[in-house]
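Have a look at the structure below before the remarks.
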There are 4 protein chains.
Amino acid sequence: MNITIWNENCHEQQNPKAANIYPEGIHGQLAAVLIESGYTDVKTATLDEPEHGLSKDVLDSTDVLLWWGHIAHDEVDDEVVDRVAERVLKGMGLIVLHSGHHSKIFRKLMGTTCNLKWREADEKERLWVIDPSHPICSGIGQYIELEREEMYGEHFDIPEPDRLLFVSWFEGGEVFRSGCTYQRGRGKIFYFRPGHETYPSYYHPDIQKVIENGVSWAAPVHTAWQQYGNVEPLETILEKE
Amino acid sequence: MNITIWNENCHEQQNPKAANIYPEGIHGQLAAVLIESGYTDVKTATLDEPEHGLSKDVLDSTDVLLWWGHIAHDEVDDEVVDRVAERVLKGMGLIVLHSGHHSKIFRKLMGTTCNLKWREADEKERLWVIDPSHPICSGIGQYIELEREEMYGEHFDIPEPDRLLFVSWFEGGEVFRSGCTYQRGRGKIFYFRPGHETYPSYYHPDIQKVIENGVSWAAPVHTAWQQYGNVEPLETILEKE
Amino acid sequence: MNITIWNENCHEQQNPKAANIYPEGIHGQLAAVLIESGYTDVKTATLDEPEHGLSKDVLDSTDVLLWWGHIAHDEVDDEVVDRVAERVLKGMGLIVLHSGHHSKIFRKLMGTTCNLKWREADEKERLWVIDPSHPICSGIGQYIELEREEMYGEHFDIPEPDRLLFVSWFEGGEVFRSGCTYQRGRGKIFYFRPGHETYPSYYHPDIQKVIENGVSWAAPVHTAWQQYGNVEPLETILEKE
Amino acid sequence: MNITIWNENCHEQQNPKAANIYPEGIHGQLAAVLIESGYTDVKTATLDEPEHGLSKDVLDSTDVLLWWGHIAHDEVDDEVVDRVAERVLKGMGLIVLHSGHHSKIFRKLMGTTCNLKWREADEKERLWVIDPSHPICSGIGQYIELEREEMYGEHFDIPEPDRLLFVSWFEGGEVFRSGCTYQRGRGKIFYFRPGHETYPSYYHPDIQKVIENGVSWAAPVHTAWQQYGNVEPLETILEKE
């Protein structure tokens with residue numbers, strides 16, 4: 001299993017608070033988590049690299065891609081976005097984290113605005129498990145509690161998820177569909193809400209467990225060859241007539 | 001459109017607080033709401049009546065049935081439950097309210113335990129609209145706020161809804177899928193959470209609007225005749241061979 | 001209800017067989033059907049018109065848009081496609097017909113390739129009703145039979161439909177999900193398979209009935225205003241703490 | 001993984017044709033298939049055994065149960081059916097085969113009649129893959145072809161499947177949703193159509209592969225403990241107020 005973690009890596013260079021929490025970048029922390037959990041082939045890629053670190057070779061050899069972006073969505077090259085989308089449709093798994101909801105790649109694959117409400121007010125978040133026997137929820141209790149996080153609230157303008165795994169409760173009065181899965185082409189997509197750059201959410205064991213489970217779930221399935229376009233008559237049937 | 005409102009009508013006879021809020025019974029209040037909104041053929045039925053007021057004749061002429069029950073689920077006759085289920089599968093709409101989640105009829109149609117968490121602690125409830133362009137949400141703003149209600153919390157052991165319309169936020173820290181639709185056979189089913197007997201939720205204009213919308217949505221659609229069982233070969237096709 | 005029917009209108013000018021079947025164009029025939037069924041505000045628009053006949057004014061006043069395209073998908077201006085997509089997400093209904101599966105607008109809203117198999121071999125098609133009490137199937141029997149049509153076969157590379165309404169059987173051995181609904185943003189989308197330019201499918205009463213039902217179903221619902229972006233704390237809750 | 005295969009085992013005793021094809025019973029053939037594929041703990045159970053071979057002990061130690069029944073559905077004891085349903089809701093996987101669509105256990109878990117059309121006319125069946133990257137379809141090509149099988153046709157009166165995996169094409173003109181998955185409680189359910197007692201479908205390598213995949217997919221997931229019923233206030237939240 002080859003994993004690539006993409007991070008725009010901007011806050012960590014501009015905001016001391018983010019840099020303090022994630023000295024190796026959010027991508028560095030996520031890589032450490034996945035390696036610690038036993039994955040061996042874990043790479044990272046960031047906005048500043050040529051082709052944002054997502055060359056055709058990198059993508060062709062990636063089984064699951066994680067995506068964290070926020071303030072630099074517009075700086076991601078459309079050609080790279082198209083390339084990622086094409087790979088997802090051919091089977092690469094995609095885990096979209098937190099503010100990645102507004103990334104070009106997620107909006108392209110969803111076909112909607114992916115708009116939502118948000119507020120930074122150090123609110124408690126509680127992610128309730130809605131689908132307790134889904135593999136992504138394995139090992140999690142009834143809910144995950146984060147002492148302080150950014151609030152995301154409904155309405156979240158997404159297509160109805162294939163499966164709804166988590167719904168968040170926020171101290172200030174909102175709810176949010178925090179864990180959603182989709183199938184697009186041959187690719188599995190998992191959106192998972194937590195992870196604002198100024199909170200240590202990616203150090204929380206349950207958040208780490210969900211991401212590990214998500215990577216495992218999103219791995220490509222050996223898929224039947226499918227023929228598209230103009231096809232011949234099926235002789236075994238038509239020849240009888 | 002013929003509407004029948006079923007209520008076990010027990011709390012109203014036993015609990016002065018409930019009787020005070022609903023002097024005509026919960027069924028009486030719901031009937032008043034639907035008549036006020038323009039429906040003309042609105043009947044009520046209660047547990048104490050022969051066949052619980054749900055004779056074959058009554059059910060055959062009912063387009064949409066509303067169901068409120070709580071402490072007397074076990075007293076509902078299995079034969080009546082089977083009769084209601086059969087009518088739903090043939091096209092009658094069914095609106096299941098609040099503690100009706102544990103009624104025999106809802107559990108029979110869902111196939112699951114329909115278990116949930118609950119707590120009576122005078123908590124604020126906010127029902128967020130998840131599917132703003134669904135007909136049942138028409139006329140509702142971003143959320144409905146109830147100053148005090150009983151809490152219902154996840155995990156709610158139901159099949160994944162066809163459409164998820166509302167998610168409730170509760171002051172004490174829980175969330176709940178408060179508005180869910182299902183198709184079973186030819187019948188449309190809408191579960192809607194609010195309405196504990198000691199709170200005046202059925203006097204809230206938004207709650208009333210959702211119930212009116214629900215009745216309209218659950219009305220039977222003119223449905224094609226379907227043949228089941230052993231069928232003849234389709235000569236137009238097989239005769240060629 | 002304002003209806004706009006868009007047709008690339010190319011086959012009718014280039015292929016005598018198509019011109020013979022649809023002397024007023026496919027758009028003309030669809031307009032006649034909808035007017036005959038009682039709709040009064042029915043407009044048409046074609047590829048050759050300025051902005052393909054889909055100016056901002058036209059789209060802003062359109063409740064439901066029908067789309068037929070085939071050999072000229074690439075000639076549709078990206079700006080017009082973006083404008084149509086934005087209108088759908090804001091509530092305009094969209095009916096995508098036959099080879100419109102490969103149109104820019106459908107692929108953009110689905111996020112997938114929308115690839116499929118096809119064959120022109122004068123095969124019988126039988127569209128079986130899968131969801132008999134869906135409003136779009138109202139008035140249809142167990143199936144619709146078309147004596148001869150182009151074949152479309154699985155795998156059809158679309159997101160799993162919200163509701164699957166029809167599955168086609170083809171004489172040559174294939175099946176196809178021929179009627180699919182989706183919600184994207186506030187807009188309802190209905191894909192309906194039949195209608196190759198060299199067959200008179202849009203003269204078939206059942207096909208006409210399904211399209212009329214589809215237009216009625218896709219009409220915008222009065223939708224709650226939704227706030228997106230940065231929101232204030234909800235004082236009624238937070239002020240207590 | 002403990003697998004139990006239940007078969008009513010009636011045709012094999014009454015119909016020489018069935019006995020000839022399945023000399024060890026359909027359960028015996030299915031057991032041979034699963035053992036051959038590497039499963040080691042495979043048991044069988046039949047109608048004639050005490051408690052139909054499905055005692056509490058057997059069910060408690062079963063991870064995935066397969067079910068084949070046809071002419072003796074009514075002879076299955078309601079108490080055993082309730083016991084099986086309870087185990088499914090607690091996490092046991094259930095694979096329902098062919099005429100098991102009308103079994104008490106499947107209808108109880110679905111909440112619908114599960115009616116369908118059928119015909120015995122030695123027709124070719126082709127099961128098209130609708131969801132090629134679902135784990136149950138792994139290793140299967142574009143379709144599975146069975147030279148002769150009983151026909152099952154739509155409308156199939158089931159709740160809309162969570163995932164639709166296969167749609168069958170039949171020579172005589174029908175289609176059928178032949179592979180459907182459901183989640184009920186913690187249990188995964190897979191309905192798979194082929195397997196009439198007078199055809200050797202369970203000797204077909206692709207049919208065997210799908211059943212093996214189905215067993216693997218339906219295995220219980222380690223599921224979080226969920227609290228139901230009356231719960232205490234969440235002090236960490238309410239104590240602040």
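Just so it is clear: chains get the letters A, B, ... in the order the sequence lines come, proteins before strands, and each one is counted from 1.
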Task: When C:Gly153, C:Gly185, C:Ala85 are compared by non-hydrogen pairs under 4.5 Å with chain A, the top option - done: C:Gly185
Open item on the list: Within the 3.5 Å criterion, strictly below it, is a donor on C:Asn115 or C:His102 matched to an acceptor on the partner's side chain?
Closed with: yes
TODO: Sort out for me which of A:Arg107, A:Glu86, A:Gln226, A:Arg184 touches chain C most, counting heavy-atom pairs under 4.5 Å.
DONE: A:Arg184
Open item on the list: Within the structure provided, determine whether C:Glu174 and C:Glu154 are in side-chain contact (heavy-atom separation under 4.5 Å).
Closed with: no
TODO: Could you tell me whether the side chains of C:His155 and A:Tyr228 share a donor-acceptor contact shorter than 3.5 Å?
DONE: yes
Open item on the list: Testing A:Thr62, A:Val80, A:Leu47, A:Val76 one by one against A:Leu54 for a side chain to side chain contact (heavy atoms under 4.5 Å, CB included), which residue passes?
Closed with: A:Val80
Task: A:Tyr191-A:Phe106 aromatic ring centre distance below 6.0 Å - done: yes
TODO: Sort A:Gln227 into side chain, backbone, both or neither according to what part of it lies under 4.5 angstrom from a heavy atom of chain C.
DONE: both
- [ ] Could you tell me which portion of A:Leu109 (side chain, backbone, both or neither) has an atom closer than 4.5 angstrom to a non-hydrogen atom of chain C?
- [x] both
Open item on the list: Counting heavy-atom pairs under 4.5 Å with chain C, which one of A:Asp157, A:Thr113, A:Leu116 comes out on top?
Closed with: A:Leu116
- [ ] Can you tell which part of A:Lys117 gets under 4.5 Å to a heavy atom of chain C, answering side chain, backbone, both or neither?
- [x] both
